[in-house]
Amino acid sequence: MRVIAGQWRNRKIDWPDSGNTRPITDRVKESLFDLLGTRYGTPGELPPLRVADVFCGGGSLGLEALSRGAHCACFFDCDVSALKVLTSNFKKLGVGPQASAVRANLWRTGVRPPMGFAPLELVFLDPPFPDTTELTNSSKTGSLLRRLGAGELVTEKSLIVFRHEKHLVLPRPIGKHWVLDDQRVYGRSILSLLRPFRPPKEESSDGPVHQMENQNGNSPCG
């Protein structure tokens, strides 16, 4: 596994061999970041975004984001062996204070980035496939998405990249906080891009109801 582009281009990184995590292939990762670069208007790069890599494993997605220009990234996992590999990857690449690793049971605690790493503008969400068999308010992943959208962790311009199995059909909207914006299929898995849901806004008592469109943007880390 390697970093594909940016300041650490072609640098090799490790991945946990515990069997509890599944890496994203270089081909899929390259396609994803090409899509994000186009979306943000920075082909091959990313704006200086605050990023979270949730269920990060060895940190492939968050490290790619940092390499391509993200300002800071927080990595979350509960697997001790994964976090050891992640820390080793930090040292191998010479990652500085713009990265932080958090060990947490995300199903219980939700996403709690350290001070300075929020609000989050780009979130990579890659939970274990057995935990994404359904997406309801009471399901594990549904609850996690609800907590992400309910507080002040994200902005109206934030984006979630949610990796899940092909059979999972996402509702529209997803709870009260997210709506599906784009999907890309890669074999048995799908990358779903979610943006904050804005309910229709009535402009006047007699006027039409319009769905407000999200605009992509960014703000630098504090």
Side-chain angles (χ1 to χ4, degrees), residues 4-5 22-57 59-70 73-76 106 111 118-129 131-132 134-136 139 141-150 153-199 211-219:
I4 294 171
R22 65 190 190 286
I24 189 169
T25 66
D26 285 351
R27 180 183 68 84
V28 175
K29 183 167 63 172
E30 184 170 16
S31 296
L32 168 60
F33 279 88
D34 285 346
L35 174 63
L36 292 175
T38 300
R39 187 182 182 95
Y40 287 115
T42 55
E45 300 178 352
L46 285 179
L49 303 170
R50 294 182 178 94
V51 174
D53 191 346
V54 183
F55 302 100
C56 64
S60 178
L61 292 174
L63 290 171
E64 187 74 35
L66 285 174
S67 182
R68 292 178 184 240
C74 192
F75 299 77
F76 298 85
L106 295 157
V111 177
L120 301 169
E121 295 160 304
L122 176 61
V123 178
F124 299 109
L125 179 61
D126 192 9
F129 278 173
D131 293 316
T132 61
E134 63 175 349
L135 194 60
T136 64
S139 68
T141 305
S143 177
L144 184 59
L145 284 169
R146 175 171 49 80
R147 283 182 285 176
L148 263 173
L153 287 177
V154 297
T155 74
E156 63 180 17
K157 298 178 182 179
S158 297
L159 183 70
I160 290 181
V161 178
F162 174 32
R163 186 183 177 205
H164 57 88
E165 282 194 297
K166 190 175 180 179
H167 72 266
L168 179 65
V169 178
L170 303 189
R172 301 175 184 239
I174 302 165
K176 297 181 179 179
H177 302 290
W178 301 100
V179 65
L180 179 64
D181 192 66
D182 195 358
Q183 274 190 330
R184 304 298 167 104
V185 181
Y186 301 96
R188 64 176 286 207
S189 66
I190 291 181
L191 295 178
S192 293
L193 274 61
L194 314 180
R195 61 176 172 82
F197 173 63
R198 293 179 177 179
Q211 178 70 37
M212 297 179 65
E213 295 297 330
N214 182 58
Q215 299 293 325
N216 293 298
N218 63 86
S219 63

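Each residue takes its place number in the sequence, starting with 1.
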(message) Restricting to non-hydrogen atoms, name the atom on L168 and the atom on E134 that form the minimum distance, rounded to 0.1 Å.
(response) CD1-CA, 3.7 Å
(request) Search all heavy atoms of K29 against all heavy atoms of S60 and return the closest pair with its distance. (result) NZ-OG, 2.8 Å
(message) I need the single residue from L61, V161, D53, I160 that forms a side-chain contact (heavy atoms from CB on, under 4.5 Å) with L122. Which is it?
(response) V161
(message) Name the residue from L191, L32, L159 that meets the side-chain contact (heavy atoms from CB on, under 4.5 Å) definition with F124.
(response) L32
(message) I need the E121 CD to R50 CZ distance, nearest 0.5 Å.
(response) 5.5 Å
(message) Please evaluate residues I190 and L170 with respect to the criterion side chain to side chain contact (heavy atoms under 4.5 Å, CB included), reporting the C-alpha separation (whole Å), side-chain torsions for both, the decisive distance (0.1 Å), and the verdict.
(response) CA-CA 11 Å; I190 291 181; L170 303 189; over 6 Å; no
(message) Show the nearest heavy-atom pair for residues Y186 and S31, with the distance to one decimal.
(response) OH-CB, 3.3 Å
(request) State the CZ-CG distance between F76 and D126, to the nearest 0.5 angstrom. (result) 14.5 Å
(request) Please round to the nearest 0.5 Å and tell me the distance separating atom CD1 of I4 and atom CG of L63. (result) 12.0 Å
(message) Testing the basics here: between S189 and F129, what is the closest heavy-atom pair and its distance to 0.1 Å?
(response) CB-CZ, 3.8 Å
(message) Check this for me: does any side-chain nitrogen of one of D181 and R39 sit under 4.0 Å from a carboxylate oxygen of the other?
(response) yes
(message) If we ignore hydrogens and angles and just use 3.5 Å, is the side chain of T141 paired with the main-chain N or O of D131 as donor and acceptor?
(response) yes
(message) Here's a test for you: under side chain to side chain donor-acceptor pair (under 3.5 Å), which of R184, H164, R163 qualifies with S192?
(response) H164
(request) Determine, step by step, whether L135 and W178 satisfy the side chain to side chain contact (heavy atoms under 4.5 Å, CB included) criterion, reporting the C-alpha distance in whole Å, the side-chain angles of both residues, the deciding distance to 0.1 Å, and the verdict. (result) CA-CA 12 Å; L135 194 60; W178 301 100; over 6 Å; no
(message) Can you give me the closest heavy-atom contact between V154 and S158, atom names plus distance?
(response) CB-OG, 3.4 Å
(request) Specify the closest pair of heavy atoms between V54 and L125, including all atoms of both residues, with the distance to one decimal. (result) CG1-CD1, 3.8 Å
(message) I need the E156 CD to R195 CZ distance, nearest 0.5 Å.
(response) 11.5 Å
(request) Assess whether side chain to side chain contact (heavy atoms under 4.5 Å, CB included) is satisfied between L194 and H177, documenting all intermediate values. (result) CA-CA 10 Å; L194 314 180; H177 302 290; over 6 Å; no
(message) To the nearest 0.5 Å, what is the distance between CD1 on I24 and CD on E30?
(response) 11.5 Å
(message) If the test is side-chain contact (heavy atoms from CB on, under 4.5 Å), which one of V51, L49, T155, V111 qualifies with L120?
(response) V111
(request) Spell out, as yes or no, whether a donor-acceptor pair under 3.5 Å connects the side chain of E45 to the backbone of G37. (result) no
(message) As an exercise, state the distance from CG of L46 to OH of Y40, rounded to the nearest 0.5 Å.
(response) 7.0 Å
